**Q** 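I'd like to ask some things about the structure below.
Heads up: numbering here begins at 1 and tracks the sequence. Please read all numbers here as calculations on a predicted model, not as lab measurements.
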Amino acid sequence: MPASPPPPNERPGPPQAVAAIVPLAATKPAFTDDVTAAPIQGFNLARDLRLFARVLRPAQGGRVVLAIFIGSIVVTIANMLGQVRLNEWNGQFFDAVGRKDLSAFVQFLWTFLVIIAMLLTLTVAQTFLQERLKFRLREWISLHLLAEWLKPMRIYQMSFAGPYGRNPDQRIQEDTRLLGDASADLGCGMVYALLQIVAFVGVLWTLSAQVTFRVAGYVIAIPGYMVWCALAYAAVGSVLTWLVGRPLIVLNGERYAREAEFRFALVRVNESGESIALHGGEKDEQKHLEAALAAVVDTMRRISTSLAQLTWITSGTGWLSFVVPILVAAPAYFGGALTLGGLIMVAGAFAQVQGAMRWFVDNFSRLADWRAAIHRVARFRETLDNLPAVDEGSEEIKRALHPEGYLAFEGVRILLPDGHIVIEEANVSVMPGERVLIVGETGAGKSTLFRAVAGLWPWGSGTILTPKPESMAFLPQRPYLPLGTLRNALTYPAAVDAFSDADVRQALERCGLGNLVDKLDKDDRWDKELSLGEQERLAFARVLLHKPAWVFLDEATAALDEGSQANVMGLFNAELKDTTVMSIGHRPDLAAYHTRTLQIIHGQNGDRLSIKPPAVLPPLAPRDWLHRIADWLTGP
């Protein structure tokens with residue numbers, strides 16, 4: 001361990017000699033070129049459903065979703081019983097029409113009104129429960145994803161997690177909406193279809209006994225004849241639908257990806273409007289946006305072609321379904337084995353069974369859409385589980401609490417995700433109360449060191465011993481201002497009422513933002529309303545309120561003039577005099593506010609950060625002593 005550094009000065013003084021940092025050759029570790037949280041896997045519905053079953057079972061909100069789904073099944077069963085009764089009424093009604101029985105005709109009309117009233121009530125209840133199921137499903141999945149995504153460090157590390165870590169807003173907002181809506185519609189629809197089959201197959205099988213054929217004087221009855229016809233018709237339609245519509249699954253997944261990229265490009269242009277206008281880059285941005293839009297349009301073009309091809313099957317089988325049951329039962333009707341009412345009952349039961357069996361055909365396009373959504377949400381969730389995104393078998397930087405509350409680097413090597421060595425063999429200790437400045441060339445890894453201390457950067461090896469996390473505060477290059485009031489931005493991440501109004505106002509005035517005191521409770525986009533310099537001063541006012549024991553600054557005063565910088569850095573010699581400061585910066589005048597300066601020097605095989613004693617000046621020659629004595633004697 002290096003020797004303990006001297007205690008910090010009470011006031012900023014002249015910088016000490018800069019400790020030299022020399023490059024050290026090292027072997028490049030085995031990292032892949034593209035770091036991903038998990039390998040890109042194909043569409044596998046069983047794997048995705050198992051993942052959701054595992055991660056969503058303990059998530060809050062699942063019982064409500066299950067209760068609504070069970071209620072929907074109960075209502076659907078009641079609906080099916082009503083449909084069976086309606087089909088029976090159909091046969092009785094048309095038999096009465098065939099007999100020209102007026103009294104029975106009127107009686108069956110009253111019966112129809114009762115049945116329809118019951119079915120209408122059940123249909124409204126079913127629609128209500130299905131719509132409730134949609135938003136409860138979305139809420140269940142979204143809250144779970146938000147909780148996992150917002151776990152410490154994950155937001156930053158997702159940017160290195162490969163294709164499934166991109167555009168989390170699309171996964172959490174749009175894909176979960178599609179997944180919730182489609183799951184409710186398709187799930188309830190499938191249950192409805194299965195119950196339809198259960199309810200009407202028996203009816204159709206029984207009615208099939210009336211469908212007989214007379215061939216060469218013999219009466220031929222095929223058990224379940226109408227059921228087998230319905231099954232064959234639905235099977236042919238389903239197979240053709242699968243063969244023609246299968247490309248839609250991949251195309252819908254690609255469409256969501258392209259839509260997310262296009263929306264991200266639009267948001268980026270909107271957020272960078274000032275810079276684009278100053279550079280006159282509107283034409284260039286238009287080219288980029290048109291290219292992103294062209295990718296969306298190209299995907300939609302291919303989807304439209306596949307949908308058109310699929311419509312030949314779905315619409316064709318749909319139109320034929322009106323006449324197929326009549327055709328297959330026509331021989332029995334014209335042979336006298338079926339009455340008109342019997343034919344209507346057989347055709348109705350056939351339509352119900354065949355319609356339930358061809359549910360796959362009717363919903364294939366929606367199934368493809370749902371399949372793509374569940375794949376993307378499942379892969380996003382799986383990516384969250386696999387963070388940090390470090391290759392299997394590679395080392396990671398270990399972090400632990402320092403037993404005495406110091407900051408120490410023990411054999412730390414910091415790498416880029418591609419394996420490039422940023423800092424090699426750092427052995428540094430920072431004691432409480434010190435003021436340490438780290439300088440170096442642009443791109444030398446200063447900010448990467450900053451992230452490693454915060455725990456955002458896992459790539460590398462060695463151990464970083466830190467103080468307690470709650471005692472540390474980090475000020476990045478661009479301050480973060482959350483949505484809401486200015487008071488919320490100032491007290492973040494604490495609650496707005498965590499500090500007294502007097503303390504909040506005093507913090508603003510102390511950091512030169514007294515003009516904002518009257519706007520504390522105004523709701524605005526403060527990251528747009530305030531200049532970068534004002535945002536940096538607001539970040540220091542936030543530090544003044546929270547009073548952390550350790551503050552890490554990553555060029556946190558880059559946008560401030562010398563006077564404003566002196567004002568905010570003066571906090572560490574007054575109100576925050578017991579706070580330890582570790583800064584990263586390029587400005588030469590920053591050294592005056594620190595007691596130690598470390599420098600990162602770029603080398604051929606990586607950089608090295610190591611503590612060395614301050615450079616010792618060589619002893620003066622005798623002639624130099626004589627010159628100094630002469631200057632002293634002749635001086636004023």
Side-chain angles (χ1 to χ4, degrees), residues 8-19 274 407 430 433-444 446-447 449-451 453-454 472-481 486 489-492 503-517 519 526-600:
N9 298 330
E10 292 297 327
R11 295 186 300 272
Q16 297 183 6
V18 176
E274 180 182 358
L407 175 66
V430 180
E434 274 201 278
R435 312 287 163 76
V436 178
L437 174 64
I438 298 177
V439 298
E441 298 177 3
T442 300
K446 302 183 298 298
S447 295
L449 179 66
F450 180 85
R451 299 183 187 107
V453 174
M472 298 188 293
F474 295 84
L475 273 65
Q477 294 180 4
R478 187 173 187 89
Y480 173 69
L481 304 184
L486 182 62
L490 188 58
T491 60
Y492 182 85
D503 289 341
V504 171
R505 291 170 180 269
Q506 184 179 358
L508 282 178
E509 292 173 353
R510 176 65 177 83
C511 294
L513 296 173
N515 59 307
L516 298 178
V517 168
K519 301 179 181 179
W526 294 106
D527 57 332
K528 297 294 184 183
E529 184 71 18
L530 301 180
S531 67
L532 183 55
E534 289 175 317
Q535 293 180 43
E536 289 184 348
R537 281 181 282 168
L538 187 68
F540 277 93
R542 186 187 296 164
V543 170
L544 180 57
L545 279 178
H546 287 271
K547 292 182 170 55
W550 292 72
V551 175
F552 298 84
L553 311 175
D554 185 5
E555 300 189 40
T557 62
L560 299 181
D561 58 85
E562 292 184 4
S564 297
Q565 177 179 266
N567 182 43
V568 296
M569 292 301 292
L571 294 172
F572 302 114
N573 294 305
E575 294 92 338
L576 303 175
K577 63 181 179 180
D578 296 325
T579 299
T580 307
V581 180
M582 188 171 183
S583 300
I584 294 171
H586 290 285
R587 297 172 61 164
D589 53 354
L590 274 176
Y593 303 99
H594 299 81
T595 57
R596 262 202 301 170
T597 301
L598 306 178
Q599 185 175 15
I600 299 176

**Q** I need the Glu509 CD to Asn515 CG distance, nearest 0.5 Å.
**A**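 Answer for the CD-CG pair, Glu509 versus Asn515, is 10.0 Å.
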
**Q** State, yes or no, whether a side-chain contact exists between Trp526 and Lys519 at a heavy-atom distance under 4.5 Å.
**A**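 Yes; the side chains approach each other to less than 4.5 Å.
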
**Q** Ignoring hydrogens and angles, tell me if any N or O in the side chain of His594 forms a donor-acceptor pair with the backbone of Glu434 under 3.5 Å.
**A**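 No, the answer is negative, given that no donor and acceptor are paired below the 3.5 Å cut-off.
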
**Q** Please check if the side chain of Ser583 supplies one atom and the backbone of Leu553 the other of a donor-acceptor pair under 3.5 Å.
**A**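 Such a contact is absent between Ser583 side chain and Leu553 backbone.
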
**Q** Look at the side chain of Arg510 and the backbone N and O of Glu575, then say whether any donor-acceptor pair between them is shorter than 3.5 Å.
**A**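 Here the side-chain-to-backbone pair does not exist.
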
**Q** According to salt bridge (charged side-chain N to carboxylate O under 4.0 Å, His left out), does anything in residues 526-551 pair up with another residue at least two apart or in another chain? List the pairs.
**A**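 Residue pairs with at least one partner in residues 526-551: Glu271-Lys528, Arg525-Asp527.
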
**Q** Which pairs of donor and acceptor atoms, one on a side chain in residues 473-481, lie under 3.5 Å apart (sequence neighbours left out)?
**A**
| from | atom 1 | to | atom 2 | distance (Å) |
| --- | --- | --- | --- | --- |
| Gln477 | NE2 | Ser447 | OG | 3.0 |

**Q** Let me know which of Thr579, Val453, Val430 forms a side-chain contact (heavy atoms from CB on, under 4.5 Å) with Trp550.
**A**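 Among Thr579, Val453, Val430, the one that satisfies the side-chain contact (heavy atoms from CB on, under 4.5 Å) with Trp550 is Val430.
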
**Q** Using side-chain contact (heavy atoms from CB on, under 4.5 Å) as the criterion, point out the one residue from Val436, Leu590, Ile438, Leu437 that pairs with Thr597.
**A**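 It is Leu437; the other options fail the test.
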
**Q** Indicate yes or no: at least one non-hydrogen side-chain atom of Val551 is less than 4.5 angstrom from one of His546.
**A**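 When only atoms from C-beta onward are counted, His546 and Val551 do not touch, as no gap falls below 4.5 Å.
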
**Q** Heavy atoms only: give me the nearest Val439-Gly585 pair and the separation to one decimal.
**A**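 What the structure gives for the nearest pair is CG1-O, 3.5 Å.
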
**Q** Roughly how far, to the nearest 0.5 Å, is CD1 of Ile584 from CZ of Phe450?
**A**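 One finds 6.5 Å between CZ of Phe450 and CD1 of Ile584.
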
**Q** Compare every heavy atom of Arg435 with every heavy atom of Asn573, then report the nearest pair and how far apart it is.
**A**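 Heavy atoms only, the tightest pair is OD1-NH1, 3.5 Å.
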
**Q** Checking Thr580 now: which residues fulfil side-chain hydrogen bond (donor to acceptor under 3.5 Å, both in side chains) with it, not counting sequence neighbours?
**A**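 Listed in chain order: nothing, the list is empty.
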
**Q** At what distance, to the nearest 0.5 angstrom, does CE of Met569 lie from CG of Leu560?
**A**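 It is 10.5 Å, given to the nearest 0.5 Å.
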
**Q** A side-chain contact here means heavy atoms from C-beta on lying under 4.5 Å apart; do Cys511 and Leu538 qualify?
**A**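 Heavy-atom side-chain distance check fails, nothing below 4.5 Å.
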
**Q** Could you pull out the closest heavy-atom pair between Gln565 and Tyr593, with the gap in Å?
**A**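 Result for this residue pair: NE2-CE1, 3.8 Å.
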
**Q** Indicate the atoms forming the closest heavy-atom contact of Pro548 with Val543, along with that distance.
**A**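 For Pro548 versus Val543, the nearest heavy atoms are CD-O, 3.4 Å.
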
**Q** Any side-chain heavy atom of Thr557 within less than 4.5 Å of one from Phe540?
**A**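 Contact flag for Thr557/Phe540 side chains = yes.
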
